[in-house]
Amino acid sequence: TAAIESCEASFGPCDRLISAAGIVEPGELISQTIESFRSQIECNLFGTVHAVRAVYNGMLQRQSGQIVIISSGAGLIGIHGYSAYCASKHALSGFAEALRQEAKPHGIAVSICFPPDTETPQLAAELPLRSPGASAIIGGRKPWSAARVASVIVKNADRGRFQIYPGLEMALLGRFGALIAPVLRWHFDLKIASAHKNQAH
């Protein structure tokens with residue numbers, strides 16, 4: 001709150017908040033510490049909640065503004081070894097849905113974006129920790145550049161879109177995930193089993 005108040009004092013009111021709080025520490029639930037699990041929830045969920053709360057009163061007073069929340073493709077589907085991260089990013093969907101309903105009558109727009117893997121220092125630190133199962137599921141896809149993801153976010157936020165899906169794969173997951181989930185689970189189970197078998201050998 002203090003940081004945002006300082007920015008607003010220097011540059012004027014916040015017209016658009018883009019909340020991209022996010023850390024990820026891959027690890028299977030049984031081996032991951034509760035501290036690591038909790039820190040991902042605290043940053044990824046509460047980092048966004050705190051940022052939104054810091055600008056929300058001002059937007060209410062002005063009856064205008066936009067809040068853009070950055071979730072993840074992991075907010076659309078579960079991924080082996082990412083239980084904490086998936087939980088935090090799925091939680092953002094529920095938060096954004098409820099916030100949109102509260103904010104719209106006051107002239108405040110809400111958007112949520114579900115990017116694929118994106119070339120950032122965070123991804124570089126994450127990849128060596130990925131489980132074989134996760135690598136089997138998502139490892140073959142080329143990450144998007146940060147600039148490309150940012151361009152999609154801004155373009156769709158300018159249009160007032162609530163849900164923003166960079167790329168066809170994210171759009172299909174977002175729009176038809178419930179329908180294709182049984183097939184995806186079957187496919188992922190095969191990939192994970194194969195990865196474990198190869199690891200055992």
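Rounding to the nearest 0.5 Å gives a distance of 7.5 Å between CD1 of Ile79 and CZ of Phe188. How far CZ of Phe46 is from OG of Ser88: 11.0 Å, rounded to the nearest 0.5 Å. If you take CZ on Arg161 and SG on Cys113, they are separated by 12.0 Å, rounding to the nearest 0.5 Å. The CD atom of Gln163 lies 6.0 Å from the CD atom of Glu97; values are rounded to the nearest 0.5 Å. Taken to the nearest 0.5 Å, the NE2 atom of His80 stands 11.5 Å off from the CD1 atom of Ile138. Here Glu169 contributes atom CD and Arg141 contributes atom CZ; the two are 4.0 Å apart, rounded to the nearest 0.5 Å.
Listed for the Ser131 side chain is no donor-acceptor partner under 3.5 Å among the backbone atoms of Leu129. With hydrogens and angles disregarded, no donor-acceptor distance shorter than 3.5 Å links the side chain of Ser194 to the backbone of Lys191. For the pair His187 (side chain) and Val183 (backbone), a donor-acceptor distance under 3.5 Å is absent. A donor-acceptor contact shorter than 3.5 Å links the side chain of Ser31 to the backbone of Glu28. Put simply, the side chain of Gln40 gets close to the backbone of Glu25: a donor and an acceptor are under 3.5 Å apart. In this structure a side-chain-to-backbone donor-acceptor pair under 3.5 Å is present from Ser71 to Lys89. Counting only distance, with no hydrogens or angles, the side chain of Asp15 and the backbone of Gln66 share no donor-acceptor pair below 3.5 Å. Panel note: side chain His90, backbone Ala74; a donor-acceptor pair is recorded below 3.5 Å.
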Point to revise | Ile137/Ile192 under side chain to side chain contact (heavy atoms under 4.5 Å, CB included): CA gap, chis, key distance, verdict | key: CA-CA 7 Å; Ile137 293 170; Ile192 292 165; 3.7 Å; yes
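The shortest heavy-atom contact between His106 and Leu60 is CG-CD2, 3.5 Å. Across all their heavy atoms, Ser36 and Gln32 have their closest contact at OG-NE2, 3.3 Å. Among all heavy-atom pairs drawn from Ala134 and Arg130, the shortest one is CB-CG, 3.9 Å. Closest approach of Ala51 to Ser19, counting heavy atoms only: CB-OG, 4.4 Å.
Grouping the Ile, Leu, Val, Met, Phe, Trp and Tyr side chains by contacts below 4.5 angstrom, directly or via other members, places Leu92 apart from Ile23. Clustering ILVMFWY residues whenever any of their side-chain heavy atoms sit less than 4.5 angstrom apart, transitively, puts Ile112 in a cluster other than the one holding Val154. Hydrophobic clustering keeps Phe11 apart from Val55 (ILVMFWY residues linked when any side-chain heavy atoms are closer than 4.5 Å, directly or through intermediates).
Membership of the apolar cluster around Ile164 extends to Ile18, Val68, Ile70, Trp144, Val149, Val152, Ile153, as traced through chained side-chain contacts below 4.5 Å between ILVMFWY residues. Hydrophobic clustering, defined by side-chain heavy atoms of Ile, Leu, Val, Met, Phe, Trp and Tyr closer than 4.5 Å, groups Trp186 together with Leu190.
With Phe162 as the aromatic partner, Arg100 meets the cation-pi criteria of under 6.0 angstrom to the ring centre and within 45 degrees of the ring axis.
A perpendicular orientation is assigned to the rings of Tyr82 and Tyr85, their planes being inclined by more than 60° (bins at 30° and 60°).
Looking at Tyr56 and Ile108, their side chains come closer than 4.5 Å, going by heavy atoms from C-beta outward. Side-chain contact between Met170 and Pro115: absent, with no pair of heavy atoms (C-beta onward) separated by less than 4.5 Å.
Checked against side chain to side chain donor-acceptor pair (under 3.5 Å), Gln61 has no partners two or more places apart in sequence or in another chain.
Within 6.0 Å of atom CZ in Arg38, 12 or fewer heavy atoms from other residues, nucleotides or ligands are found, so the atom counts as exposed in its surroundings.
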